[in-house]
Amino acid sequence: MRHLLNMASLSTDEIYSILDQAESFKSGRNWKPSEELFAANLFFEPSTRTKFSFEVAEKKLGLQVLNFEAATSSIQKGETLYDTVKTLEAMGISLVVIRHTEENYYKELIGKTGVSILNAGDGCGHHPTQSLLDLMTIRQEFRSFEGLTIVINGDIRHSRVARSNAETLKRLGANVLFSSPPEWQDETLGNFDYVSIDEAVEIADVMMMLRIQYERHKDNTDRKKTDYLSQYGLTIEREQRMKQGSIIMHPAPVNRDVEIAGELVECERSRIFKQVENGVYVRMAALKRAIKMATKELV
Amino acid sequence: MRHLLNMASLSTDEIYSILDQAESFKSGRNWKPSEELFAANLFFEPSTRTKFSFEVAEKKLGLQVLNFEAATSSIQKGETLYDTVKTLEAMGISLVVIRHTEENYYKELIGKTGVSILNAGDGCGHHPTQSLLDLMTIRQEFRSFEGLTIVINGDIRHSRVARSNAETLKRLGANVLFSSPPEWQDETLGNFDYVSIDEAVEIADVMMMLRIQYERHKDNTDRKKTDYLSQYGLTIEREQRMKQGSIIMHPAPVNRDVEIAGELVECERSRIFKQVENGVYVRMAALKRAIKMATKELV
Amino acid sequence: MRHLLNMASLSTDEIYSILDQAESFKSGRNWKPSEELFAANLFFEPSTRTKFSFEVAEKKLGLQVLNFEAATSSIQKGETLYDTVKTLEAMGISLVVIRHTEENYYKELIGKTGVSILNAGDGCGHHPTQSLLDLMTIRQEFRSFEGLTIVINGDIRHSRVARSNAETLKRLGANVLFSSPPEWQDETLGNFDYVSIDEAVEIADVMMMLRIQYERHKDNTDRKKTDYLSQYGLTIEREQRMKQGSIIMHPAPVNRDVEIAGELVECERSRIFKQVENGVYVRMAALKRAIKMATKELV
């Protein structure tokens with residue numbers, strides 16, 4: 001399938017193939033499609049990071065880019081996502097990158113449109129290019145996922161990547177654990193053990209911090225931010241107990257001094273900005289893959 | 001005149017010349033200006049469809065594109081449209097595409113600026129590229145407008161294209177009728193007969209549905225949507241009574257199951273997404289015409 | 001320093017060098033960097049004029065451009081400006097143009113990031129490309145600044161350019177005076193004399209009008225607009241008393257018939273739209289300078 005919707009629909013070979021292509025882009029090789037192609041970025045939730053990353057990736061591949069701002073669009077006029085995407089297709093757009101508040105929004109699109117869909121986040125569901133850039137960053141560090149201990153820490157319940165990262169990493173051979181305050185644990189995510197943050201830092205090769213998704217919380221009784229850091233977050237004291245060679249990751253934007261002490265964002269163990277850098281290359285690879293597969297389908 | 005403001009100011013020859021050029025672009029020929037040119041899209045009303053269509057057209061012609069979002073602009077600082085356009089001209093912009101809430105907004109601009117104005121919709125007034133893409137779609141089907149029966153159906157009073165489509169189609173030889181609930185009829189549109197929807201579907205070669213422009217209605221006592229479809233809209237039952245070879249058009253975005261049954265949007269008679277496709281080529285033709293005429297004026 | 005933050009940090013030689021480069025661009029010479037570069041425009045306040053001007057300049061230099069709309073960004077998620085800029089750097093962006101509500105916002109960035117910062121306005125502080133285009137316009141008229149009498153008129157207290165224009169023009173040899181209603185005078189701007197508007201028009205070579213910055217006023221007890229024009233603004237009667245060869249400038253957008261009579265905006269003495277035109281060339285020069293200096297730092 002030329003679409004990129006979630007990690008579960010990628011085979012292990014496909015995952016490694018995307019990572020290899022991303023590394024090739026990072027090493028300086030480029031590739032451009034043989035004809036002029038249009039990509040549209042449809043973001044129904046605020047985002048700078050992911051949208052800009054896709055836009056840089058698209059432009060590096062020589063694509064023409066259309067940016068859709070939900071706030072100023074005819075969606076306000078009650079048009080369905082299906083009609084919007086069919087309209088873009090009729091205009092000659094080949095690739096559509098979508099972030100949407102609704103989980104599985106893409107189910108009404110697949111099989112009914114000739115454009116390639118790249119999911120840039122759906123509700124609390126999936127965010128496959130984020131997962132892929134996380135994998136790329138871990139592989140750069142440890143070469144293989146086999147036997148690594150990876151602790152996913154924080155707001156498990158509202159995270160787009162907790163579930164798919166956990167499943168994919170387990171599939172690739174890693175030992176995955178969760179660490180979370182009780183109210184953000186999520187039993188539906190499968191058979192993963194929970195450990196305390198204090199245990200986590202001593203056993204993890206990778207501390208994969210999650211962003212607290214305040215905007216997805218339904219109540220306003222959030223824990224006090226400073227309490228959160230000391231009880232569940234990555235403090236300077238805890239970072240000092242981490243294993244030699246272990247790393248810290250975070251999808252960003254970081255809530256400094258909530259999930260993680262501000263001083264740790266750019267510490268030696270941190271790969272946070274490297275993740276951002278890898279994101280551009282992973283997205284280039286995902287775009288190239290969609291373009292290549294669409295061409296094959298036509299032949 | 002190098003501007004494209006409304007259909008009335010285009011001669012019949014000019015209309016056919018734009019349609020021919022649009023067909024040439026559709027057949028795969030391209031054309032680019034000999035020097036780098038800048039186009040600006042100024043949309044003072046929400047729009048995805050028309051703005052993206054112009055943007056694709058501009059980029060296919062190799063133009064540099066600036067997108068203006070009314071919500072984040074210095075128009076908020078009280079600047080007149082005249083001053084905005086003069087400013088764009090001073091920056092070196094050659095072409096300005098404008099959608100504005102005010103009818104005839106362009107009257108304060110024409111003759112006072114060196115930029116070419118392409119009207120992308122003014123209040124309840126005109127939307128010439130929409131009219132041109134409608135013409136292109138009809139001509140593809142029937143080769144000529146002579147003797148065709150075309151029924152324009154729906155929210156006549158608040159439509160940007162009802163009047164200019166009616167007048168232009170009549171000029172080109174078609175027999176034009178209106179069909180509308182009593183409160184949306186508009187006697188000022190000239191000498192066109194009204195027929196019921198049930199009569200319309202049996203005589204029309206083209207059912208040209210209009211979008212209900214809820215956002216331009218001053219009262220909130222809208223008819224119940226389901227009532228509207230059964231009384232005045234295009235139901236599946238009515239579609240089945242349409243003549244052989246007749247087609248359905250709609251400028252979109254469609255209010256599914258209000259103006260038209262959702263199932264009909266992509267039925268065999270529907271040309272709705274073909275209209276969208278033609279829109280890009282018509283706009284390329286309008287842009288090329290403006291560029292060519294501006295060059296001649298300079299010589 | 002490759003950043004462009006304020007006029008005070010530019011030497012006199014650097015100022016003339018930017019003006020010379022801008023004139024070279026205006027005369028039709030172009031220059032493009034040897035590799036693909038990305039620029040991002042981050043505007044945290046509404047702006048059309050300055051943003052479009054930078055965007056045209058960037059595109060004329062062949063840069064890839066990302067436009068950031070504060071309203072739809074993850075800044076809403078509480079990210080700091082520092083983290084945003086570091087993120088852009090990690091994505092491969094080289095140049096960041098920033099307009100921000102906070103004076104000296106750039107202090108937290110300088111020395112901590114590899115991107116080049118071009119200040120497009122900070123609070124009531126600085127707006128160096130506006131100052132440079134003002135200088136370019138004056139020099140085109142008078143060839144030198146030496147001995148010119150320049151009156152800066154209007155909302156001195158809330159202006160981004162009053163202070164830096166005054167200091168820079170004095171440094172370049174001009175005689176600078178202020179003219180302002182009492183409540184908008186600003187004693188902190190240094191040793192400049194105030195004159196009445198009636199005196200000003202008779203002695204000025206350049207009447208440099210400021211925009212009234214209603215959006216930065218904390219009270220709502222604004223003077224009645226018509227009263228302002230007759231008491232402190234540039235009326236037609238006052239324009240007629242101006243010296244032969246003297247010119248009128250305004251950074252725009254103009255509040256017509258408040259700071260200046262509407263009829264004067266395009267009068268013979270007015271250089272208002274010429275300033276806009278010069279703005280593009282000055283920004284091209286500032287961007288080229290930043291690119292060249294960044295390259296040198298790397299060598």
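Naming: A, B, ... by sequence-line order, numbering from 1 per chain.
- Within a 6.0 Å sphere centred on NZ of K32(B), heavy atoms belonging to other residues, nucleotides or ligands number more than 12.
- Considering CE of M91(A) and OH of Y281(B), their distance stands at 12.0 Å, rounded to 0.5 Å.
- There is no contact between K274(B) and chain A, counting heavy-atom distances below 4.5 Å.
- Here the straight-line distance linking atom OG1 of T84(A) with atom CZ of F52(B) works out to 9.5 Å at 0.5 Å rounding.
- When every heavy atom of F273(B) is checked against every heavy atom of A90(A), the shortest pair comes out as O-CB, 3.4 Å.
- Separation of atoms CG (D83(A)) and OG1 (T48(B)) is listed at 12.0 Å; rounding is to 0.5 Å.
- Rounding to the nearest 0.5 Å gives a distance of 4.5 Å between CD of E266(B) and NZ of K86(A).
- I93(A) and V56(B) make their closest contact through CD1-CG2, 3.9 Å (heavy atoms, listed as atom of the first residue, atom of the second, distance).
- In this structure, CZ on F68(A) lies 12.5 Å from CD on E55(B), to the nearest 0.5 angstrom.
- Judged purely by atom type and a 3.5 angstrom limit, K59(B) uses its side chain to pair as donor or acceptor with the backbone of V65(A).
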